[in-house]
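Inspection log for the structure reproduced underneath, given as structure tokens.
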Amino acid sequence: MRLTVLGCAGSFPGPDSACSAYLVEADGFRLLVDFGSGSLSALQRYAGLSAVDAILLTHLHFDHISDAVDYVVVRRYAPDGSLPALPVYAPAGAPDRIAAAYSQDEGGVEDVYTFYGLQPGSFPIGPFTVTVDRMNHPVETYGVRLEHDGRALCYSADTAPCEALLRLAEGVDLFLCEASYLDGADNPPDLHLTGREAGEIATKAEVGQLLLTHLVAAWGSEAITFDAAATAFAGPIEIVRPGASYQI
Ligand SMILES: [Zn+2]
């Protein structure tokens, strides 16, 4: 498997990054996990405008789905003819949400996307075995475990600490985990993780490598988040960047 970070900014685009979007490839199949604000630009820069075979949207907060709206134009109005409908795995409200955001007057987007609702469990997407489970976040949100050829990747999506994330992350080679908050701040409960909490989950789950993402550049501190994670996890840690790519 190969993971390429298209966007990693938390909650709104940062000065140097689009919002959440991760391209995961195996056997030539390209799964885009989340499609946040500005990441359509990064998709073209780091992969290609149509370099997507399926999409998985972890939840319907706009910073994780907004460019799936712009992408309707790319697929529907391609100069050489409409591109085939893409499978989109997402919470049940996705078709209405994306269609309404695209246009109030032009109907649905089923010509562009074939939607599949998510629920906790395992299923295949292309060459991947995908396992999703509900996270601790105010809207229906799924953490994701992707397995291929004996290797495993877990992506937390957005979440506060929860047992389901610990299960998904168990023993993965690479744990891509959000770290939106700073310890000691007046953080709302049941929403996001701190670097320390990400590190604690990484240690409990015995992951190989911890990648921190979804930092909010304007409100946080990379140095503090990294150090907090390092106090709780002794393995390799990185804060991800747009364009960074990891062989798993
Ligand atoms: Zn969210």
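Numbers here simply count residues along the sequence, with the first being 1. The figures here come from the full heavy-atom set of this structure, side chains too, leaving out hydrogens, waters and symmetry mates.
Distance alone, capped at 3.5 Å, places no donor-acceptor pair between the Y71 side chain and the V112 backbone. Remark: side-chain polar atoms of D34 are not paired, donor with acceptor, to backbone N or O of A21 under 3.5 angstrom. A side-chain donor-acceptor contact under 3.5 Å links Y142 to the backbone of L118. Looking at D53, its side chain never comes within 3.5 Å of a backbone N or O of F29 through a donor-acceptor pair. A donor-acceptor pair under 3.5 Å is formed between the side chain of S17 and the backbone N or O of C8. A donor-acceptor pair is defined here as one N or O able to donate and one able to accept, closer than 3.5 Å; no such pair exists between the side chain of D27 and the backbone of P127.
Using a 4.0 Å cut-off between charged nitrogen and carboxylate oxygen, E147 and R145 count as a salt-bridge pair. A salt bridge links R196 to E200: at least one charged side-chain nitrogen sits closer than 4.0 Å to a carboxylate oxygen. The pair R241-E222 meets the salt-bridge criterion, since a charged nitrogen lies less than 4.0 angstrom from a carboxylate oxygen.
No donor-acceptor contact under 3.5 angstrom links the side chains of Y102 and D70, judged on distance only. Inspection of the Y155 and E178 side chains reveals no N or O donor paired with an N or O acceptor under 3.5 Å. Checking Y22 against T213 by side-chain atom types alone, a donor-acceptor pair falls below 3.5 Å. Side chains of H192 and N187: a donor-acceptor N/O pair is absent below 3.5 angstrom, by distance only. Side-chain contact, Q44 with Y46: no donor N or O sits under 3.5 Å from an acceptor N or O. T194 and D183 share a donor-acceptor pair across their side chains, judged by distance under 3.5 Å alone. Judged by distance alone, the side chains of R75 and S82 never bring a donor and an acceptor atom under 3.5 Å apart.
The closest side-chain heavy-atom distance from R2 to I248 is not below 4.5 Å. The side-chain heavy atoms of L210 and E238, taken from C-beta on, include no pair separated by under 4.5 Å. Side chains of L6 and L32 form a contact here, defined as non-hydrogen atoms less than 4.5 Å apart. Within the 4.5 Å cutoff, side-chain heavy atoms of L40 are placed close to those of V74. Proximity of T4 to V24: side-chain heavy atoms (C-beta onward) are nowhere separated by under 4.5 Å. Side chains of P87 and Y116 form a contact here, defined as non-hydrogen atoms less than 4.5 Å apart. Looking only at side-chain heavy atoms (C-beta outward), V52 and F35 stay at 4.5 Å or farther from each other. The shortest distance between side-chain heavy atoms of L153 and F175 does not fall below 4.5 Å.
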With side chain to side chain contact (heavy atoms under 4.5 Å, CB included) as the test, would you mind laying out the steps for D149 and M1 before giving the verdict?
CA-CA 8 Å; D149 203 16; M1 277 188 286; over 6 Å; no

Start with the C-alpha distance between D158 and H214, add both sets of side-chain angles, then the distance that settles side chain to side chain contact (heavy atoms under 4.5 Å, CB included), and finish with yes or no.
CA-CA 8 Å; D158 285 5; H214 205 276; 3.2 Å; yes

Please evaluate residues Y89 and F123 with respect to the criterion ring-ring contact (aromatic ring centres under 6.0 Å, His included), reporting the C-alpha separation (whole Å), side-chain torsions for both, the decisive distance (0.1 Å), and the verdict.
CA-CA 11 Å; Y89 301 80; F123 55 95; 5.6 Å; yes

Report the C-alpha separation of H59 and E140 in whole Å, then their side-chain angles, then the decisive distance to 0.1 Å, and conclude whether the side chain to side chain contact (heavy atoms under 4.5 Å, CB included) test is met.
CA-CA 6 Å; H59 66 302; E140 182 181 353; over 6 Å; no

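Remark: C177 SG to L168 CG distance equals 11.0 Å, nearest 0.5 Å.
In this structure, H137 and H61 have perpendicular ring planes: the angle between them is above 60°, well past the 30° mark.
For R45, the CZ atom sits in a loose shell: 12 or fewer heavy atoms of surrounding residues, nucleotides or ligands are nearer than 6.0 Å. The number of heavy-atom neighbours closer than 6.0 Å to CD of Q247, taken from other residues, nucleotides and ligands shown, is above 12.
Heavy atoms only, all atoms of each residue included: A229 and L212 are closest at CB-CD1, 3.8 Å.
Note on V132: it does not cluster hydrophobically with M135, by side-chain heavy-atom contacts below 4.5 Å among ILVMFWY residues.
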